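Just so we're clear, the structure is a prediction, and the values are computed from it rather than from any experiment. Residue numbering restarts at 1 for every chain, and letters A, B, ... go by the order of the sequence lines.
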Amino acid sequence: MKKKKILCVDDSASVRQMVTFTLEQAGYDVVSAVDGRDAIQRLQATPVDLIVTDLNMPNLDGIELVRQVRTMPAFKFLPIVLLTTESEETRKQDGRAAGATGWIVKPFKQDQLLAVVKRVLG
Amino acid sequence: MIVGTDPAETFRQEAADLLAQLEGALLDLEAVPEDRSLVDQAFRALHTLKGSGAMFGWEALAAFTHHIESTFALVRNGELKVTRDLVSLTLAAADHIRVLLDRPESADHLRGEALLASFRDLTGAAGQSHQDASKPTAKSVAPSSERVFRIRFRPGRNVLAFGCNPLLLLGELRALGTCTVLPITDAVPTLEEMEPTDCLVAWDVLLTTSATRSALDEVFLFVADQSEVGISEIPLEDSSAAGRRLGEILVERGDVAPADIDEGLGRQERLGTLLVKSGKVSEDRIASALGEQRHLREANKARETTVSGATIRVPAERLDSLMDQVGELVIAQARLMQVAMADANPLLKSISEDIERLAAELRDTAMGIRMLPIGTLFGRFRRVVHDLSRELGKAVELTTAGEETELDKTVIECLNDPLVHLIRNAVDHGIEDAARRVAAGKPEGGRVHLSAVHSGAQVLITIEDDGHGLDRAAIRAKAEERGLLQPGQEVGDAELFACIFQAGFSTAAAVTNVSGRGVGMDVVKRTIDGLRGTIEVTSAIGEGTAITLKLPLTLAIIDGLLVRVGDERYVVPLSAVEECVELTRLEDSRSGGRSFLNIRGEIVAFIRLRRLFETPGEPEVIQKVVIVTLGETRIGLVVDQVIGQHQTVIKSLSRMHRDLDGFSGATILGDGAVALILDVPHLIKFARDREATVRTP
């Protein structure tokens, strides 16, 4: 079967690295972007099966990214997972309203990430 | 992007950058306290420090930074002003974070506490509501026994637009335990009115699981706010639950009022049909409630059997006769199906289908009863090895694995002698004496490992020793001496090792009490052939030998592929079939006399069964090739027609026909005719031999 491709969007290199490492170990293909704007550009070049994105990023934040992705016809039904923290409850709700599929609360362990990815990606 | 393999190291570098960013933003803020983008920048730096810190093992740093971040969240929301005090306090905090980052062990806790206290003074009342939100909620994972949950899940119409796939959630539930999923489609409108991007189906799920309630909530975490999710536990202790009536279940679920039930019971029709007719409840709901009834009944049954764990002893011959009768039933059912297919009566067809299903279930159950764990056999071999190692003066230990692997009783009975022989061989020939072992750098005591494992419809039994391995040169010499191989003929390991199963083949220099007479291996081979099994040998010089017996799970009934050649029908064991392809007349003529077929770039030899069986008449215009495999080898069998899958009850051939090569048995078809069962290993060997004769002029 073809490997599922996941776009990981975070301005923190260590988080990107951790997410990439974890998902690649689990057999997914991972592309990463440093912020929302970068993510949109990458999406136009390569379609993906899932987006995992941080909320707070320079240039284009996670919520605006979700909003813009949902307006792209090809990604109307694409699962999008937010990386949030407990203190961001209202931001999380904003993300939900914009069309995010689910969320992972930081800090998270590798298996928590994989469980959520499996839930939305199958 | 920072390149490195250790995320922790990456974090350390990144955190240093973030701290620098934070300091820069703070110093700028001192000059322009109103600049929102600077506040955002400081917040983001703190936020990432906290989030990543906790993930990469800097818990103290994360906990400390959390409080500073909370303060800046207030600033960002306009609840707190940027002051000179705040800036200098945060700069001091940044210094503390740096210490926590670089030398966490030497960090001064009191200093940290003092800093946090100053922050609390500064934020005052504004910060109260935001304090201590960081404590991770402790997960209570109390071990619990199996419980039954009723889950009613009606996803919101728009969940698909949120990238959610409800089927994945149902899949997740299935993974948690025994699950009955029942769809509710009453909200689905007609095709013209349907919006294809809406999710209109709902599901009732009955789940018997040892998972906690919170684990179930967790599954629906992302959709809970848009969907109706009702999870309730159905008490199993309640003895009446076993016999719960449809009406009780419907009332308890709130689908029907008790009065409606009473009214329904007053009449003489089945309650479910009645309620649907009267329009009180939809057909789906009844189906779902009936599904629940069934699920609960089974959950209770499972519970009872685990409580009693009852077994009974039954004489073996009764099982044998049960199996015979099931075999007859399968044959009779095949006849019934044939009659039903030829007849236009739909009622007959439906009965025939019911019987087919029941017969298949009965067959599986009856075969299950005959299964025995192979451990009963393994136990005996410990003694065999013990006695042998005494006799031969070698210290040999027997280890076993997979004792719980189940095999048909008759197969197990036939396996005793071959296994004893193989183990004797391993101890006597395989394992070296202590002096030679030590010289080869091996432990003094030898080891024989006996293991069994399921693999598809087969059981693999492996006898492994850590001795000196098979001597290829000696086998080769002996094989040439006996004329089994031509001098100079190139053969692979498989073919070379196959020689050791020839009658009278021994390379042992001295005949001992135990082995070396060359009697036995051929008997082993014949027994395994008789069980329709195969033998594989692998060996490495100095490391040992492994002999693997591949055996079918059962002898009585197999799934077969029914094919036709001329007027005769034959059965190919389905486990050996890989695929069926067409052989057009054109390809046929093009293949000439070579009998090779190109299948997706791979050359596969084929045998014309028509020619092999000397079938009279003309072949079909488009003949079929059934590709069969045995281990690594693939060959094609050219037939006139592939009829289809057939449950094959194996009957052994009469004494007169027993020595026929190429057939392993016979079966009776639905119309009473007899079909021979093709012996695939033999046919493959035939093809291989023919290939060899073609190659060697």
Side-chain angles (χ1 to χ4, degrees), chain A residues 10-22 32 34 49-51 54-58 61 66 69-70 75-91 93 95-110 112-113 115-116 118-122, chain B residues 1-15 17-18 37 40-41 43-45 47-59 62 66 69-70 73 77 130 133-137 158-165 167-169 171-172 175 197 218-219 221-223 225-226:
Chain A
D10 201 305
D11 55 335
S12 153
S14 56
V15 174
R16 280 203 306 271
Q17 204 171 8
M18 187 251 200
V19 171
T20 306
F21 177 76
T22 307
S32 51
V34 297
D49 301 294
L50 167 72
I51 298 178
D54 191 20
L55 275 181
N56 292 293
M57 291 179 295
D61 70 11
V66 174
V69 167
R70 283 284 177 247
F75 303 117
K76 211 174 155 190
F77 303 113
L78 182 74
I80 305 176
V81 173
L82 305 174
L83 298 173
T84 72
T85 57
E86 289 110 357
S87 53
E88 293 175 321
E89 188 53 36
T90 50
R91 303 261 296 152
Q93 290 309 330
R96 278 293 276 168
T101 313
W103 58 88
I104 306 171
V105 178
K106 286 196 282 192
F108 54 84
K109 301 240 161 49
Q110 297 197 337
Q112 289 172 308
L113 172 66
V116 169
K118 197 164 182 302
R119 174 170 305 152
V120 297
L121 201 52
Chain B
M1 190 172 177
I2 302 161
V3 184
T5 45
D6 181 10
E9 190 44 45
T10 314
F11 168 73
R12 197 194 288 269
Q13 293 172 22
E14 187 182 48
D17 292 348
L18 286 169
S37 71
D40 277 349
Q41 202 183 328
F43 175 81
R44 250 196 333 264
H47 181 80
T48 310
L49 273 172
K50 179 189 93 167
S52 307
M55 269 189 281
F56 299 109
W58 275 268
E59 271 88 13
H66 168 71
E69 185 208 358
S70 308
N77 297 344
H130 293 272
S134 70
K135 288 272 171 287
T137 44
N158 59 351
V159 285
L160 300 179
F162 285 83
C164 161
N165 182 349
L167 294 182
L168 294 177
L169 302 181
E172 212 171 322
T197 56
E218 174 86 21
V219 172
L221 180 66
F222 296 156
V223 292
D225 50 347
Q226 301 157 327

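- Residues A:R91 and A:N56 come closest through the heavy atom pair NH2-OD1, 3.0 Å.
- In this structure, chain B has a heavy atom under 4.5 Å from the side chain of A:R70, while its backbone stays farther away.
- Contacts with chain B were tallied for A:K118, A:Q110, A:M57; A:M57 has the most, counting heavy-atom pairs under 4.5 Å.
- For A:L121, the part sitting under 4.5 Å from any heavy atom of chain B is the backbone (N, CA, C, O) and nothing else.
- For the pair B:N158 and B:F162, the tightest heavy-atom approach, listed with the atom from each and the gap, is O-CD1, 3.4 Å.
- For A:V120 against A:P79, the heavy-atom pair with the smallest separation is O-CG, 3.7 Å.
- Atom CG in B:D17 sits 10.5 Å away from atom CG in B:L49 (nearest 0.5 Å).
- Contacts of B:L221 with chain A are made by both backbone and side-chain atoms, with heavy-atom separations under 4.5 Å.
- Put simply, OG1 on B:T48 and CG on A:D11 are 5.0 Å apart, with the number rounded to the nearest 0.5 Å.
- In terms of heavy-atom pairs under 4.5 angstrom with chain B, the leader among A:L78, A:T101, A:L55, A:V116 is A:T101.
- For B:D40, no part lies near chain A; criterion is any non-hydrogen pair under 4.5 Å.
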